[in-house]
Amino acid sequence: MTRVNDAQDSTPAPPETSIPQDMRSRVDQLHEKRRTVHDGPGEKATERQHAKGKLTARERIEALLDADSFVEVEGLRRHRATGFGLERNRPHTDGVITGWGKIDDRTVFVYAHDFRVFGGSLGESHAQKIHKIMDMAETAGAPLISLNDGAGARIQEGVTALAGYGGIFSRNVRASGVIPQISVMLGPCAGGAAYSPALTDFVFIVRDISQMFITGPEVVEAVTGEAVTHDELGGADVHSTRSGVAAFVHDDERECLEDVRYLVSLLPSNNQETPPVSDSGDPADRRNDSLTELVPAEPNRSYDMRAVLDEVADDGDYLEVHQHWANNVLCAFARIDGHPVGLIANQPQTLAGALDINASEKAARFVHTCDAFGIPLVTLVDVPGFLPGTDQEHQGIIRHGAKLLYAYCSASVPRVQVILRKAYGGAYIVMDSRSIGADVSFTWPSNEIAVMGADGAANIVFRKEITAAEDPEQARADLTEQYREELMHPYYAAERGLVDDVIDPAETRHVLARTLEMLRRKKASLPHRRHGIPPM
């Protein structure tokens with residue numbers, strides 16, 4: 001008779017793991033498939049990509065994100081299209097890599113076209129992957145970064161590819177002002193595909209490897225007879241200096257992706273969060289003694305406004321947007337006392353700092369962007385007016401200038417104006433004056449706020465006296481000085497409550513830091529409406 005305990009003792013020991021052998025093989029198969037997906041279409045395709053001076057999609061993601069933080073979504077996705085041989089060529093990822101990861105330990109979502117697979121062209125499955133990651137980014141309230149290197153719509157899939165772009169565009173618009181959207185141009189982007197980057201908040205572009213255009217050189221030549229290269233038509237320099245499409249231009253992919261990381265560090269993850277604070281150790285009360293000598297008191301002498309930004313920003317560090325386009329106005333992200341701010345400043349070195357069509361559009365877009373993401377605005381004013389001329393008038397300076405006025409008037413973030421020197425005419429009003437809603441306005445002792453410069457004003461106001469004088473030139477000089485002393489002295493606006501204080505230039509950074517701290521909890525009450533109707 002066998003005892004129960006004896007029977008248990010004689011039973012063979014169980015294996016070290018309870019996973020059935022067939023499950024082991026399936027797990028091995030999974031890992032092998034993942035390696036295949038990660039490696040992509042093969043070494044030759046990768047070599048061709050590198051031969052063009054380009055990184056692969058996965059190399060770009062690795063350079064962009066914190067190490068080992070990327071989580072891929074739908075890496076095993078394959079298209080379902082048939083015809084034209086597509087049914088015999090169904091690679092995993094379908095030419096786009098999607099997922100999420102971290103930048104400085106903050107979540108971001110990313111999709112990257114893989115030019116090695118179908119030239120990165122967009123088909124139905126490809127588009128659905130992008131739609132999914134865009135929806136996830138919006139739901140999670142995290143920035144969306146697209147790494148663009150694609151040949152446009154996949155012709156073999158016809159209208160379904162075009163419908164895929166429509167889904168991307170509608171999501172770009174829906175997420176606008178909700179989460180930061182950043183497009184990085186790392187290859188060709190032609191036809192309708194170019195509209196998605198145009199709908200995003202920031203476009204980065206890399207020289208030599210990137211082009212953007214609606215119709216390519218072949219079509220342009222066929223229709224107009226104009227022979228033009230891809231770079232001449234839509235290269236990095238074209239879009240960073242002439243069209244204004246690209247906000248940032250770089251010579252190298254890795255340098256570009258590093259600046260994308262820097263931009264993300266200055267932006268909140270979404271419009272419900274405050275911008276991230278980073279203490280640089282630069283004292284908020286640091287004096288700016290060099291500004292006393294840097295900015296000439298004479299209104300017609302030039303200087304570089306970037307030197308003023310160097311003094312005001314923490315550690316002199318700022319990220320300029322559209323640096324090479326519309327240089328008569330500067331727009332930059334910076335930190336003051338560790339908190340992100342948007343700086344808008346006239347640049348006397350270009351067109352004497354006058355506003356024109358491009359400068360108005362550049363600054364208006366920047367103001368809207370800062371306002372959407374809760375970034376305070378600091379406006380540094382030294383403006384002689386709007387640029388005169390028939391070209392500007394006929395091309396719509398009234399309409400385009402109104403865009404900047406509209407942007408400031410509708411902005412609800414903290415707004416601080418500093419008038420360094422001259423501020424004439426309508427341009428004074430448009431550059432965030434107290435009358436259009438600036439919370440606080442300061443001036444330097446060198447300020448001249450007036451309808452126009454003293455010379456022009458005297459010629460109009462004292463026209464009869466000058467004409468009747470025995471020495472018209474001497475009379476003009478005397479009357480010009482009289483006008484300047486009576487209506488353009490540094491304290492005229494302060495005496496009438498149009499500015500809040502006249503400050504020592506050396507105290508500019510400290511004054512801004514204290515004022516922005518006071519305004520940090522500003523609550524704006526806006527009228528109920530679907531949306532405004534800005535000048536277009």
Side-chain angles (χ1 to χ4, degrees), residues 34-35 37-75 77 91-104 106-122 126 129-130 133-134 136-137 142-152 168 180-189 193-194 196-197 200-212 236 246-265:
R34 283 183 172 174
R35 280 193 292 271
V37 170
H38 185 274
D39 292 343
E43 291 184 6
K44 289 185 178 180
T46 300
E47 289 172 1
R48 287 194 294 271
Q49 183 81 348
H50 288 165
K52 298 174 183 176
K54 297 161 66 174
L55 301 174
T56 65
R58 292 190 186 277
E59 288 170 341
R60 289 164 175 165
I61 292 172
E62 289 173 4
L64 174 67
L65 302 179
D66 296 349
D68 301 320
S69 69
F70 181 61
V71 179
E72 188 168 356
V73 174
E74 294 194 356
R77 187 76 178 260
H92 293 294
T93 75
D94 200 40
V96 64
I97 299 167
T98 59
W100 74 85
K102 303 277 189 178
I103 290 181
D104 295 333
R106 295 169 60 210
T107 298
V108 299
F109 289 78
V110 60
Y111 68 87
H113 298 125
D114 190 343
F115 197 83
R116 301 172 302 164
V117 178
F118 295 133
S121 62
L122 182 138
H126 181 119
K129 288 182 65 175
I130 295 176
I133 213 67
M134 294 179 79
M136 291 177 71
L144 173 71
I145 303 170
S146 62
L147 306 180
N148 296 270
D149 185 9
I168 293 173
Q181 298 181 82
I182 301 170
S183 297
V184 188
M185 313 312 297
L186 302 168
C189 185
S196 179
T200 60
D201 304 317
F202 304 98
V203 176
F204 289 74
I205 194 166
V206 177
R207 290 188 177 95
D208 298 328
I209 64 171
S210 308
Q211 302 88 32
M212 300 173 67
F248 306 96
V249 61
H250 293 84
D251 294 318
D252 174 78
E253 282 193 61
R254 293 188 184 276
E255 175 191 273
C256 174
L257 295 171
E258 189 60 36
D259 257 8
V260 174
R261 290 176 58 90
Y262 181 37
L263 174 61
V264 170
S265 76

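Hydrogens, waters and symmetry mates are skipped; everything else that's a heavy atom, side chains included, is used. Just so it is clear, the model here is predicted, and its values are computed rather than measured.
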Discussion item. Is it the case that the side chains of Q49 and D114 hold a donor-acceptor pair, with the cut-off being a distance below 3.5 Å and no angle test?
Written reply: no
Worksheet entry | Nearest-0.5 Å distance, CZ of residue F115 to OG of residue S121 | 9.0 Å
Worksheet item: So how far is it from H250 NE2 to S210 OG, rounded to the nearest 0.5 Å?
Response: 11.5 Å
Worksheet item: Please walk me through it: do V117 and H92 pass side-chain contact (heavy atoms from CB on, under 4.5 Å)?
Response: CA-CA 9 Å; V117 178; H92 293 294; over 6 Å; no
Worksheet entry | Closest heavy-atom pair and its distance - R254, L55 | NH2-CD2, 3.7 Å
Worksheet item: Between atom CE of M134 and atom OH of Y111, what is the distance when rounded to the nearest 0.5 Å?
Response: 5.5 Å
Worksheet item: Taking T98 for the side chain and I130 for the main chain, is one N or O donor matched with an acceptor at less than 3.5 Å?
Response: no
Discussion item. Less than 4.5 Å apart, side chain to side chain, heavy atoms only: is that true for W100 and M136?
Written reply: yes
Response to the item:
Heavy atoms of A137 and F109 approach each other most closely as CA-CD1, 3.6 Å
Worksheet entry | Non-hydrogen side-chain atoms of R60 and D149 separated by less than 4.5 Å | yes
Worksheet, complete the sentence: dist L186:CG -> C256:SG (nearest 0.5 Å) comes out at 6.0 Å
Discussion item. I'd like to know if the side chain of S69 reaches the main chain of G101, judged simply by a donor and an acceptor atom lying under 3.5 Å from each other, with no hydrogens or angles considered.
Written reply: no
Worksheet item: What are the two closest heavy atoms between E255 and D252, and how far apart are they?
Response: N-OD2, 2.9 Å
Worksheet entry | Residue pair M212 / N148, side-chain heavy-atom distance below 4.5 Å | no
Response to the item:
Between P143 and T107, the two heavy atoms sitting closest are CD-O, 3.5 Å
Item to complete: Find out whether F204 and D259 are in side-chain contact, i.e. whether some heavy atom of one side chain is under 4.5 Å from a heavy atom of the other.
Response: yes
Worksheet item: Looking at V264, I61, T200, which one forms a side chain to side chain contact (heavy atoms under 4.5 Å, CB included) with I145?
Response: V264
Worksheet item: If we ignore angles and hydrogens, is there a donor and acceptor under 3.5 Å between the side chains of R116 and T56?
Response: no
Worksheet item: So, the side chain of K129 versus the backbone of T93: is there a donor-acceptor pair under 3.5 Å, distance only?
Response: yes
Worksheet item: Do the non-hydrogen side-chain atoms of C189 and P197 ever get within less than 4.5 Å of each other?
Response: yes
Response to the item:
Heavy-atom nearest pair, L257 first then V184, reads CD2-CG1, 4.3 Å
Response to the item:
Looking only at heavy atoms, the pair that brings D251 and R207 closest together is OD1-NH1, 2.8 Å
Worksheet item: Any side-chain heavy-atom pair from L144 and V108 closer than 4.5 angstrom?
Response: no
Worksheet entry | Criterion side chain to side chain contact (heavy atoms under 4.5 Å, CB included) against I182, the qualifying member of L263, V203, V110, D201 | L263
Worksheet item: Between E72 and R77, is there a salt bridge with N-O shorter than 4.0 Å?
Response: no
Worksheet item: Heavy-atom distance under 4.5 Å between the side chains of L122 and I168, does that happen here?
Response: yes
Discussion item. Looking at D104 and R261, is any side-chain nitrogen of the basic one under 4.0 Å from a carboxylate oxygen of the acidic one?
Written reply: yes
Worksheet item: Taking C-beta and beyond as the side chain, do P180 and F202 meet within less than 4.5 Å on heavy atoms?
Response: no
Discussion item. Evaluate D94 against F118 for side-chain contact (heavy atoms from CB on, under 4.5 Å), listing each step before the verdict.
Written reply: CA-CA 8 Å; D94 200 40; F118 295 133; 3.7 Å; yes
Discussion item. Could you check whether H50 and E59, counting side-chain N and O atoms only, form a donor-acceptor pair closer than 3.5 Å?
Written reply: yes
